[in-house]
Amino acid sequence: MSVRRSDLVVAGLGGIGSATAYRAAGQGLDVVGLEQFHALHDRGSSHGHSRIFRIAYFEAPEYVPLAQRSLEGWRRLETATGESLLRTTGGLDLGRPGGRLLEGALSACIAHGIAHERWDAATLRARAPGLTLPDDMEGVFQKDAAILNPTCATGVHLRAARETGAELRFGTRLLGWEREGEGLRLRVEGPEGETDIVTHRLILTAGAWLGSFAGFARALPRIAVERQVVGWLPALPSTLAGHTFPVVNAGLDEGHVYLMPAHDGRGAKIGLYHHRGERVENPDLPDPHPDATDRRLLQTIADRYLHGRETIVQMRTCRFTLTPDEHFIVDALEGERVVVGGGFSGHGFKFAPAIAEILVALARGHSPSTSLDLFRLDRFVPTHTPE
């Protein structure tokens, strides 16, 4: 049996994995990318027409340098490929004074010197009349926020990776691996049956399947997979149509609500972070289609906070892969032979260019330019013991 040998294997070719394969191939590495489904599938977190890109990052100030680096990366990819991927709308983070979302966005802007505006309740009423908000809500507006098309962006990364020299295998699943010399021998199953790949390093960007590898899973925290549902409303009043209105993250009584104006031929998008809190126990099974309960939940939020009383006309599911603290995992282990990028907790796609840069640096034994303290595995486990 012939054995494929490579410098690097990337397992999982969604948003993060496709960017990683492109980054690594661009550095002259012999790259093999593996994806168990077809290209641009809808079984993970990297499909659909819109994701929010934002700089004012309320989750933690450490995300801001990653966001800034990613914005540069998306723009470079647009220049290199001639594709338009980001549509700048500005972003509005809403919440009550003292609340995590409002204060976190404000702190991130101040800590990193990001230009922003703080809108009090009167300013919100004047500048965002399409919203009906409680009188005690305030906002942070940041001009660089945008809408990013994940299906298009992932497709561009895949095409660019292949054109740069990466070998991409779809319908091919990673079964496991063992050490061999200074590298790893991988067992993979594809259209031609089981084969082996011997590689110097492995980067795992397998999303909901990250914890499915025997032995290796013991080095990870429990990563919960959650069903998420989003909905679209038709054309809204002029203050919410097109791109005269920003993308919105709002800390409301219902939780973390997000809203995007009409984009790429679709109406305004609305979602509730954690939605119904439904866990996916078996990621190999398709998620249940959106139902009346999903619709009722999203419609109630839309009716309460949006002018116009428009009806949700379409819904779609995706998945969140949640770490216990909802921060990412970006780290190397098993004697630095395996590099992990996962647990992106519903907000990781926008960072694909920067995360890819870090993952490839770790795989090559280099120190990333961005601090990884927030994302290291040892925040969950005291040590990594190679097997």
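Residues that satisfy the side chain to side chain contact (heavy atoms under 4.5 Å, CB included) test with N282, not counting sequence neighbours, are D284, L285. In this view, D7 satisfies the salt bridge (Lys or Arg N to Asp or Glu O under 4.0 Å) rule with no residue, not counting sequence neighbours. The salt bridge (Lys or Arg N to Asp or Glu O under 4.0 Å) search around R75 returns E78, not counting sequence neighbours. For the salt bridge (Lys or Arg N to Asp or Glu O under 4.0 Å) test, residues two or more places apart in sequence or in another chain that qualify with R276 are E278, D291, D294. Listed by chain and number, the residues in a salt bridge (Lys or Arg N to Asp or Glu O under 4.0 Å) with R295 amount to none (sequence neighbours excluded).
Of the possible polar contacts, none joining the T123 side chain to the A121 backbone as a donor-acceptor pair under 3.5 Å is found. Counting only distance, with no hydrogens or angles, the side chain of R379 and the backbone of R376 share a donor-acceptor pair below 3.5 Å. Between the side chain of T132 and the backbone N or O of R304, at least one donor-acceptor pair lies under 3.5 Å. Using modelled atom types, no side-chain atom of D287 and backbone atom of R227 make a donor-acceptor pair closer than 3.5 Å.
Contact of the F380 side chain with the T323 side chain is registered, since non-hydrogen atoms from C-beta on lie closer than 4.5 Å. A 4.5 Å side-chain heavy-atom check between D144 and Q68 finds every atom pair outside the cut-off. For the pair S45 and C318, the minimum side-chain heavy-atom distance is 4.5 Å or more. F351 is listed as a side-chain neighbour of Y63, based on a closest heavy-atom distance under 4.5 Å. Residues R364 and L29 form a side-chain contact, since some pair of their non-hydrogen atoms from C-beta on lies under 4.5 Å apart. H347 is listed as a side-chain neighbour of K350, based on a closest heavy-atom distance under 4.5 Å. By the 4.5 Å heavy-atom criterion applied to side chains, I223 and L322 are not counted as neighbours. No side-chain heavy atom of R125 sits under 4.5 Å from any side-chain heavy atom of M137.
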Please assess E35 against H41 for the test side-chain hydrogen bond (donor to acceptor under 3.5 Å, both in side chains), listing each intermediate value before the final yes or no. CA-CA 10 Å; E35 171 55 58; H41 64 84; 3.3 Å; yes

Could you walk me through whether R279 and E281 pass salt bridge (Lys or Arg N to Asp or Glu O under 4.0 Å), step by step? CA-CA 6 Å; R279 296 297 171 88; E281 299 301 331; over 6 Å; no

As a quick check of understanding, evaluate side-chain contact (heavy atoms from CB on, under 4.5 Å) for L85 and F53, giving each step before the final call. CA-CA 11 Å; L85 303 174; F53 180 92; over 6 Å; no

How far apart are the C-alpha atoms of E226 and H274, what are their side-chain angles, what is the distance that settles it, and do they pass the side-chain hydrogen bond (donor to acceptor under 3.5 Å, both in side chains) test? CA-CA 7 Å; E226 190 173 86; H274 293 309; 2.8 Å; yes

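Considering all non-hydrogen atoms of both residues, F349 and G15 come closest at CE1-CA, 3.5 Å.
Cluster partners of L102, using a side-chain heavy-atom cutoff of under 4.5 Å among ILVMFWY residues and allowing indirect links, are L106, I110, V140.
For R54 and Y57, the positive end sits near the middle of the six-membered ring, less than 6.0 Å away and at most 45° from its axis.
Ion pairing between R4 and D30 holds under the 4.0 Å rule for side-chain N and carboxylate O. Checked for salt-bridge contact, D253 and R96 meet the test: a charged N lies under 4.0 Å from a carboxylate O.
Residue D93 holds its CG atom at 11.5 Å from CZ of R100, rounded to the nearest 0.5 Å.
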